[in-house]
Amino acid sequence: IYLVSFEVSRRLKMPYTPWSKPVDVIVNGEYKGCYQLTDQISIDKDRVAITEMGPEDIEGEELTGGYLLELDGYASREVSWFKTQFGSPVTIKSPDENSITTEQHHYIENFYNQMEARIMSNNFTDPKLGYRSMLDDESLQRYWLVEELTGNPDAFHSCYLSKER
């Protein structure tokens, strides 16, 4: 299912789809199955093309990004994570757990909560008061299409999001 999802994602020209390949795994001569070998998601001009933040980015425009997040069913096992006001577990992937500052953590948690509140509000379709002012609508629609077309049961159990400055 994931190889198909990745191919549909590429064909829909999503901003970044990890490289992947099916591989047969054999350990000590015993066949263990067919698995999907996949690149790690990382911040890079050829992968997730957002500004990499440093510990000095704690105010003004610099504080607004770039962040790499994961809607993550296992977020509570991570060091740098939060649960949103509506109960969504979110892992902060970048800045990573060793370099994120308190200001950065608070900023992205507040931003995410505000975005989620707009999705759940009665004004969700309003261009200024709704979610469209905080989310890339086209990217969201493409993601939704990929997940629906492939019937991905993990669509929101592990989903990466990025926020640029």
Side-chain angles (χ1 to χ4, degrees), residues 1-6 8-9 12-18 20 36 38-44 47-53 55 57-59 61-165:
I1 186 170
Y2 301 111
L3 282 169
V4 174
S5 293
F6 282 27
V8 172
S9 176
L12 287 176
K13 299 187 184 342
M14 293 291 288
Y16 171 68
T17 303
S20 65
Q36 181 175 348
T38 306
D39 272 344
Q40 271 302 103
I41 293 176
S42 62
I43 296 175
D44 182 274
R47 292 192 178 182
V48 179
I50 59 174
T51 303
E52 193 145 9
M53 296 180 72
D57 298 325
I58 58 170
E59 61 184 10
E61 182 71 17
E62 288 78 22
L63 183 58
T64 67
Y67 294 93
L68 180 61
L69 307 174
E70 181 184 9
L71 273 173
D72 183 4
Y74 299 107
S76 64
R77 297 179 183 174
E78 301 291 335
V79 173
S80 187
W81 75 286
F82 60 91
K83 185 175 272 193
T84 69
Q85 61 193 348
F86 290 100
S88 301
V90 179
T91 300
I92 303 170
K93 296 293 190 178
S94 183
D96 69 23
E97 63 193 45
N98 296 319
S99 61
I100 191 166
T101 67
T102 301
E103 294 88 351
Q104 292 165 348
H105 191 284
H106 286 201
Y107 172 83
I108 196 59
E109 183 174 351
N110 290 335
F111 182 90
Y112 196 97
N113 274 307
Q114 185 180 20
M115 178 213 46
E116 196 176 58
R118 288 181 181 211
I119 291 170
M120 302 299 213
S121 78
N122 291 333
N123 297 326
F124 72 95
T125 59
D126 185 284
K128 290 188 174 130
L129 301 174
Y131 72 90
R132 285 182 175 90
S133 64
M134 300 181 83
L135 279 174
D136 177 12
D137 204 28
E138 186 177 326
S139 180
L140 176 63
Q141 290 172 18
R142 287 180 186 189
Y143 177 78
W144 190 263
L145 273 173
V146 169
E147 302 311 323
E148 286 296 307
L149 288 172
T150 60
N152 183 0
D154 292 332
F156 294 101
H157 185 74
S158 176
C159 168
Y160 285 85
L161 305 107
S162 62
K163 184 191 178 306
E164 181 58 297
R165 287 189 180 157

Requested in this report: Could you give me the CA-CA distance, side-chain angles and deciding distance for Arg165 and Leu63, then say whether side-chain contact (heavy atoms from CB on, under 4.5 Å) is met?
Outcome: CA-CA 8 Å; Arg165 287 189 180 157; Leu63 183 58; over 6 Å; no

Using modelled atom types and a 3.5 Å cut-off, is there a donor and acceptor pairing between side-chain atoms of [X] and backbone atoms of [Y]?
X: Gln85; Y: Asn113; value: yes
X: Thr91; Y: Lys93; value: no
X: Tyr143; Y: Ala155; value: yes
X: Ser80; Y: Glu97; value: no
X: Ser139; Y: Asp136; value: no
X: Arg47; Y: Gln40; value: yes
X: Ser133; Y: Leu129; value: no
X: Glu109; Y: His106; value: no

Going from [atom1] on [X] to [atom2] on [Y], what distance comes out if it is rounded to the nearest 0.5 angstrom?
X: Glu103; Y: Ile100; atom1: CD; atom2: CD1; value: 10.0 Å
X: His157; Y: Asp72; atom1: NE2; atom2: CG; value: 7.0 Å
X: Leu145; Y: Arg142; atom1: CG; atom2: CZ; value: 9.5 Å
X: Ser121; Y: Tyr131; atom1: OG; atom2: OH; value: 10.5 Å
X: Tyr107; Y: Glu59; atom1: OH; atom2: CD; value: 14.0 Å

Pairing donors with acceptors under 3.5 angstrom, does anything connect the side chains of [X] and [Y]?
X: Asp137; Y: Gln141; answer: yes
X: Thr38; Y: Ser20; answer: no
X: Glu116; Y: Thr84; answer: yes
X: Ser5; Y: Glu147; answer: no

Does a side-chain heavy-atom distance below 4.5 Å link [X] with [Y]?
X: Tyr67; Y: Ser94; answer: no
X: Ile92; Y: Trp81; answer: no
X: Tyr16; Y: Asp39; answer: yes
X: Gln114; Y: Met134; answer: yes
X: Ser158; Y: Leu71; answer: no
X: Glu70; Y: Leu161; answer: no
X: Val48; Y: Tyr160; answer: no

For residues [X] and [Y], report the shortest heavy-atom separation together with the two atoms involved.
X: Pro89; Y: Gly73; value: CG-CA, 4.3 Å
X: Glu164; Y: Ala49; value: OE2-O, 4.1 Å
X: Leu68; Y: Ile50; value: N-CD1, 4.2 Å

Report task. Check whether NZ of the Lys or CZ of the Arg Lys163 lies under 6.0 Å from the centre of the six-membered ring of Phe111 and within 45 degrees of that ring's axis. Result ->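 So Lys163 does make the cation-pi contact.
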
Requested in this report: Please lay out, stage by stage, how Ile119 and Phe124 fare under the test side-chain contact (heavy atoms from CB on, under 4.5 Å).
Outcome: CA-CA 5 Å; Ile119 291 170; Phe124 72 95; 5.6 Å; no

Report task. Evaluate the side-chain contact (heavy atoms from CB on, under 4.5 Å) criterion for residues Thr125 and Arg132: first the C-alpha distance (whole Å), next the side-chain angles of each, then the deciding distance (0.1 Å), finally the verdict. Result -> CA-CA 7 Å; Thr125 59; Arg132 285 182 175 90; 4.1 Å; yes

Query - CA sep, side-chain torsions, deciding dist, call: Ile108, Leu69, side-chain contact (heavy atoms from CB on, under 4.5 Å) - result: CA-CA 9 Å; Ile108 196 59; Leu69 307 174; 3.9 Å; yes

Report task. Please list, chain by chain and in numerical order, all residues satisfying salt bridge (charged side-chain N to carboxylate O under 4.0 Å, His left out) with Asp96, sequence neighbours excluded. Result -> none

Query raised in the report: Do other residues, nucleotides or ligands put more than 12 heavy atoms under 6.0 Å from the CZ atom of Phe156?
Result: yes

